[in-house]
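Given the structure is predicted, the values throughout are model-derived calculations rather than measurements.
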Amino acid sequence: MSVSSFSQYDDTILALATAPGVGAIAVLRLSGKDAIAISNQVFYGKDLTQQKGYTLHFGTIKDEEKVIDEVLISLFRGPKSFTGEDVIEISTHGSPYIVREVMRLLLHKGARLAKAGEFTQRAFLNGRFDLAQAEAVADLIAADSDMAHKAAMHQMRGGFSQEIAQLREELIHFASMIELELDFSEEDVEFASRDQLKALIEQLLVAIRSLASSFALGNVIKKGVSTVIAGKPNAGKSTLLNALLNEEKAIVSEMEGTTRDFIEDTINIEGISFRFTDTAGLRDTTDVVEAMGVARTKSKMKEASVILYMADLKRITIDQLQTEVIELNNLQLPILLIGNKSDLLSDQERLVWQQSFPAMLFISASNKIGLDELKTKLLETIEKDKISGSDTIVTNERHYHQLRQTEKSLVAVITGLDNGISNDFLAMDIRQSLHHLGEITGSITTEDLLDNIFSKFCIGK
């Protein structure tokens, strides 16, 4: 189903566009054909119905003779607005009481409360931007790091959509030629060169696979890197977390088993969010509560993107650590081996450790030695340096799924060409490829899909 097949909204929606609670100001947003008329019924100042778009107006909001607040109204006329409709934004003082009263008045005059994401959904349906760009709006609001912000901005400005559109356009030409051959099937004519089609599909597969492979990094950029700090009791896990955070977040004690539950916080390293989790020390214990903590640690380790496995180099032998590392390697987990208290080692002791564990990072958590090297190594694990500023990074799981489905359909086209299948089956696989690419940008979509996507947005956006 195409975007144009959806009926246009004929009502006016209302929502609080700023965060709820007490603040300096609050902004109420209306969108729809009656947004200006409804606002004009409660606004005392200039006649809003006679004003031009992109103008600001000072006045009061009244409930009959009762003045609710002095406000500033921003007026936007469609189609040159965010939603493509007439839009009014009312800036009030940030009192929850004032917000409730103004909203009550506007609802009484004919507006209705907006659903989650309905403003952006209307912008999409009115052709202000495509579906991938619309989804980027939510990502931009949720961005909590420099890389997440850059990725969302690139997508919202159409960078990703342009790549998908170009891929679709190249494929549509050959699809139309194949369809034309079907119309002249009895005359045995060929409008599309099979060699050229195969060459094009192979080029498209390279582009599709490149985009899909960027999702691993894109997911990290969007959600952060799950980083678990693990090791035996008193290896310095909590001290390391505190050192990275520059605050006493975790309790540090010489008593073993102090940490029994997760302690989590996020650190931004060169634009990437790392979600650190300090866990219970790994050991056999008869303490029921501590044993539960150890079990949860092992479960958390299996979910991690990277594990910082810490060892106190003054309390463990090389043989003991080798045994632990072998056990960890059998689990096939992503591990960075961290040697703590390296500042207490003699030069000879450090050399022996280096020879036994060449990949080990030497730090002193309590003295904050080696933390810069640790951060550099963490960035290397996500291969951030392989992505340039102009590259498109796929951060949306729905887009990744559609890219993989596109790849599957394109591979079917190659297989069909190699096996000389008939045009009708070849055309079907090409149509399927176009369908999956179209679902990314919304040129092909369904109402259920749109409702599902926009329901994840915040109210007022």
Side-chain angles (χ1 to χ4, degrees), residues 225-244 250-263 274 276-378 380-381:
V225 185
S226 174
T227 309
V228 170
I229 307 174
K232 295 294 184 183
N234 276 14
K237 300 182 296 298
S238 298
T239 304
L240 176 59
L241 180 65
N242 290 341
L244 290 167
I251 298 174
V252 177
S253 171
E254 292 295 324
M255 184 181 299
E256 293 187 348
T258 302
T259 303
R260 299 190 173 199
D261 207 344
F262 301 143
I263 301 173
F274 286 82
F276 285 91
T277 304
D278 179 21
T279 59
L282 295 169
R283 68 167 178 172
D284 295 327
T285 177
T286 57
D287 186 297
V288 176
V289 176
E290 187 182 355
M292 291 173 62
V294 171
R296 294 184 66 189
T297 293
K298 292 178 178 178
S299 176
K300 198 76 172 176
M301 289 170 66
K302 293 177 182 178
E303 301 171 358
S305 298
V306 61
I307 296 167
L308 303 183
Y309 191 79
M310 294 192 66
D312 183 339
L313 300 184
K314 297 300 292 183
R315 299 181 60 184
I316 194 171
T317 67
I318 289 176
D319 289 342
Q320 288 172 334
L321 185 54
Q322 284 176 336
T323 299
E324 293 174 17
V325 170
I326 290 171
E327 292 175 356
L328 291 168
N329 288 338
N330 289 336
L331 297 175
Q332 296 183 327
L333 300 175
I335 296 170
L336 288 180
L337 188 59
I338 310 296
N340 192 25
K341 299 185 182 178
S342 63
D343 56 324
L344 302 180
L345 300 177
S346 66
D347 292 341
Q348 182 60 35
E349 287 174 324
R350 185 183 180 104
L351 180 60
V352 172
W353 278 109
Q354 284 177 328
Q355 291 173 340
S356 300
F357 301 94
M360 178 184 285
L361 290 176
F362 292 88
I363 71 165
S364 172
S366 60
N367 292 318
K368 299 183 179 181
I369 297 173
L371 297 190
D372 288 341
E373 291 83 353
L374 173 56
K375 292 176 182 179
T376 299
K377 194 66 177 178
L378 283 170
E380 290 176 359
T381 64

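Of the inter-residue distances, the one linking R315 atom CZ with N340 atom CG reads 11.0 Å to the nearest 0.5 angstrom. The line from OG1 of T239 to NZ of K368 is 11.0 Å long, rounded to the nearest 0.5 Å. Within the model, atoms CD1 of I338 and CG of L374 stand 5.0 Å from one another, a figure rounded to the nearest 0.5 Å. The CG atom of L337 lies 8.5 Å from the CH2 atom of W353; values are rounded to the nearest 0.5 Å. Here CG of L308 is found 10.5 Å from OG1 of T277. Values are rounded to the nearest 0.5 Å. Atom-to-atom distance recorded for Y309:OH and L328:CG is 5.5 Å, nearest 0.5 angstrom.
A243 approaches A365 most closely through the heavy-atom pair CB-O, 3.6 Å. When every heavy atom of L345 is checked against every heavy atom of K314, the shortest pair comes out as CD2-CD, 3.8 Å. Residues P334 and S305 come closest through the heavy atom pair CG-O, 3.0 Å.
K375 is not listed as a side-chain neighbour of F274, based on a closest heavy-atom distance of 4.5 Å or more. Annotation: side chain of F362 is not in contact with side chain of I369 (no heavy-atom distance under 4.5 Å). Taking the side chain as every heavy atom from C-beta outward, E349 and L313 never approach each other to under 4.5 Å. The closest side-chain heavy-atom distance from V325 to Q322 is not below 4.5 Å.
Atom NZ of K377 has 12 or fewer heavy atoms from other residues, nucleotides or ligands within 6.0 Å.
Using a cut-off of 4.0 Å between Lys/Arg side-chain N and Asp/Glu carboxylate O, D312 and K341 are scored as salt-bridged.
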Inset, instruction - Show your reasoning for whether side chain to side chain contact (heavy atoms under 4.5 Å, CB included) applies to T323 and Q320. - result: CA-CA 5 Å; T323 299; Q320 288 172 334; 5.8 Å; no
Inset, instruction - With side chain to side chain contact (heavy atoms under 4.5 Å, CB included) as the test, would you mind laying out the steps for L371 and L240 before giving the verdict? - result: CA-CA 9 Å; L371 297 190; L240 176 59; 3.7 Å; yes
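A donor-acceptor pair under 3.5 Å is formed between the side chain of S342 and the backbone N or O of I363.
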